[in-house]
Amino acid sequence: MDDVLTQQVFSALAKVKPGVGEGLTAERTLESLGLDSLDTITLLFELEDQVGVSIPDEEARSARTVGDVIECIRRLKRVVAAGP
Amino acid sequence: MRRVVVTGLGCISALGPTAREFWSALCEGRSGFEPLQGVAPGSLRFAHGAQVRGFDPAAHFEPRQVELLDRFAQFALVSAREAVRDAGLEWTPALKERAAVIVGSAIGGQGSQDAQFVELYRRNRDRVHPLTIPRVMSCAGASHIAMELGLTGPTFSVSSACSSASHAIGQALWMLRGGQADVALAGGSEAPFGFGSLKAWEAMRVIAPDTCRPFSRDRKGMILGEGGAMLVLEPLEAARARGARIYAELAGAGFSADAHHITQPAVAGPARAMRAALADGGLTPETIGYVNAHGTGTLGNDPVEARAIHEVFGVRAPALATSSTKSLHGHALGAAGALEAVATVLALHHGVLPPTANFTTPDPECDLDVVPNQARASRVEAALSNSFAFGGLNAVLAFRAP
């Protein structure tokens with residue numbers, strides 16, 4: 001488990017949706033945390049900046065849980081690290 | 001109560017520089033989507049737009065005028081000229097004083113602002129062009145139409161994002177009915193293809209990477225469009241008295257706000273706007289044979305709009321012809337309602353319903369007759385044109401065959 005990345009996602013979530021810190025787990029869906037579409041695109045925007053990846057719309061759309069977001073970024077980071 | 005009719009149409013869009021070409025493309029299901037011009041490949045997550053191609057400002061305006069006009073105002077003027085020509089209006093001094101010009105635009109001359117501020121922020125120049133303010137202001141389209149034609153009645157711009165033009169046309173209807181004007185030029189124009197604006201749309205994650213498939217299960221979003229469209233509106237008796245060709249009656253308009261969310265659509269607001277337009281036009285739901293949908297092709301809009309149509313039309317909804325012409329001319333934002341009003345008026349006039357293009361698979365959540373892929377010959381009594389904007393601002397126009 002990439003704890004740094006998980007913590008990054010958790011803290012970005014807390015910034016977009018203050019008060020979600022309590023009981024936050026990777027299994028929680030974004031919807032159950034009260035994120036609407038604007039909150040979600042803002043979250044992804046913050047994370048793209050912090051992590052240095054660009055999340056395609058298709059992947060953004062299929063991310064339902066916090067864990068999906070973490071996994072998606074992890075995958076994209078590997079692609080970036082592997083180089084062109 | 002004065003009845004108001006449409007006697008002139010003008011339209012410049014990705015489908016061509018005139019209303020005639022716009023209509024032919026709609027009927028043939030020929031889309032205006034092309035690879036974006038002036039954007040470096042790979043610099044955006046999407047690659048297509050419905051841009052007005054081959055538009056040479058010098059062919060329409062004097063050099064000094066070109067300097068004064070942002071692209072959005074150029075589209076406003078070009079479409080207004082066509083609409084006035086098409087209506088065959090004879091301008092008398094008295095009529096000019098009683099002429100309203102009401103023009104929608106969501107972002108006005110943002111392209112000019114972008115270009116000038118690049119000088120400031122990136123090239124470190126310490127000044128911007130003195131014509132920046134008159135180019136950027138959202139009322140520039142309306143003002144230039146008034147100046148060119150010498151029209152001195154009520155003139156202003158309307159800005160309500162993607163409902164701007166429908167609000168403008170509805171407002172013009174009410175001013176004509178109320179006797180504040182005796183003729184109106186109403187519509188909208190937009191030119192949203194500046195790189196900054198494209199980046200902002202990219203960040204919204206609502207633009208399709210490939211094409212726009214409204215109401216289709218595999219839809220992935222909208223395709224941006226640009227252009228301008230204008231309607232000449234007159235009281236029925238005035239149009240009859242001068243022997244004008246009457247395309248359709250603008251029977252009613254209905255406006256509402258969702259008061260719900262700044263970008264997410266809702267069912268209740270659009271449904272209320274449709275009902276209000278019917279009531280304003282003295283129409284029952286049974287008289288409506290065609291709906292030109294807002295139909296952006298986004299995951300969010302289409303099922304919500306379908307539910308709103310079901311609320312208003314009940315058991316008739318699944319069989320009610322409802323197409324999104326945005327699948328052909330793109331989403332022209334503040335001009336969208338005007339382009340779609342032209343499509344709706346011509347659908348009534350010609351007895352042909354334009355299709356929803358690029359349709360592949362029905363979505364059970366959008367249970368409508370979307371007139372898939374092929375225009376349909378059908379004479380209908382009346383039609384609605386829906387515009388539902390970000391900000392939860394809804395404007396619906398009701399047209400009746402003459």
Side-chain angles (χ1 to χ4, degrees), chain A residues 5 8-9 11-20 28-84, chain B residues 36 39-49 161-162 196-213 216-224 258-267 296-305 331 363 365 388-393:
Chain A
L5 179 59
Q8 257 176 326
V9 172
S11 63
L13 261 169
K15 190 175 161 197
V16 170
K17 205 78 191 168
V20 295
R28 293 290 299 270
T29 64
L30 301 175
E31 200 183 349
S32 76
L33 293 169
L35 270 76
D36 65 18
S37 57
L38 266 194
D39 295 329
T40 304
I41 61 176
T42 308
L43 170 73
L44 299 179
F45 175 77
E46 295 281 346
L47 287 168
E48 283 179 328
D49 251 10
Q50 287 178 25
V51 185
V53 296
S54 171
I55 303 167
D57 289 346
E58 204 80 350
E59 304 221 16
R61 212 164 276 162
S62 56
R64 283 187 59 255
T65 65
V66 177
D68 291 343
V69 174
I70 296 169
E71 281 317 306
C72 162
I73 294 174
R74 200 193 308 285
R75 205 164 45 242
L76 291 165
K77 273 179 75 176
R78 264 190 233 118
V79 175
V80 173
Chain B
L36 285 168
V39 175
S43 59
L44 284 167
R45 280 198 294 264
F46 54 94
H48 298 90
C162 306
S197 157
L198 293 174
K199 273 286 169 192
W201 281 106
E202 175 187 74
M204 285 296 307
R205 296 185 182 273
V206 289
I207 310 286
D210 48 0
T211 191
C212 173
R213 304 184 192 284
S216 207
R217 195 168 191 166
D218 55 352
R219 68 188 178 280
K220 289 180 177 159
M222 57 192 238
I223 294 286
L224 279 172
D258 293 343
H260 160 66
H261 188 279
I262 198 69
T263 57
Q264 268 173 19
V267 174
T296 54
T298 58
L299 294 181
N301 174 82
D302 296 1
V304 172
E305 182 168 9
H331 190 348
D363 181 347
E365 287 194 58
F388 308 137
F390 272 176
L393 308 184

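As the structure is a prediction and not an experimental result, all values here were calculated from the model. Just so you know, these numbers use all the heavy atoms, side chains as well, and skip hydrogens, waters and symmetry mates.
- For I207(B), the part lying under 4.5 angstrom from a heavy atom of chain A is the backbone only.
- Around the CZ atom of F45(A), the shell of radius 6.0 Å holds no more than 12 heavy atoms that belong to other residues, nucleotides or ligands.
- Proximity to chain B is absent for every atom of T42(A), based on heavy atoms less than 4.5 angstrom apart.
- Counting heavy-atom neighbours within 6.0 Å of R217(B) CZ, excluding the residue itself, gives a total of 12 or less.
- For E365(B), the CD atom sits in a loose shell: 12 or fewer heavy atoms of surrounding residues, nucleotides or ligands are nearer than 6.0 Å.
- Separation of atoms OG1 (T40(A)) and CZ (R205(B)) is listed at 10.0 Å; rounding is to 0.5 Å.
- A salt bridge links R45(B) and D57(A); the closest N-O separation between the charged side-chain nitrogens and carboxylate oxygens is under 4.0 Å.
- Scanning all heavy atoms of the two residues, the minimum distance from A203(B) to I41(A) falls at O-CD1, 3.7 Å.
- Shown here is K15(A), whose NZ atom has no more than 12 heavy atoms of other residues, nucleotides or ligands within 6.0 Å.
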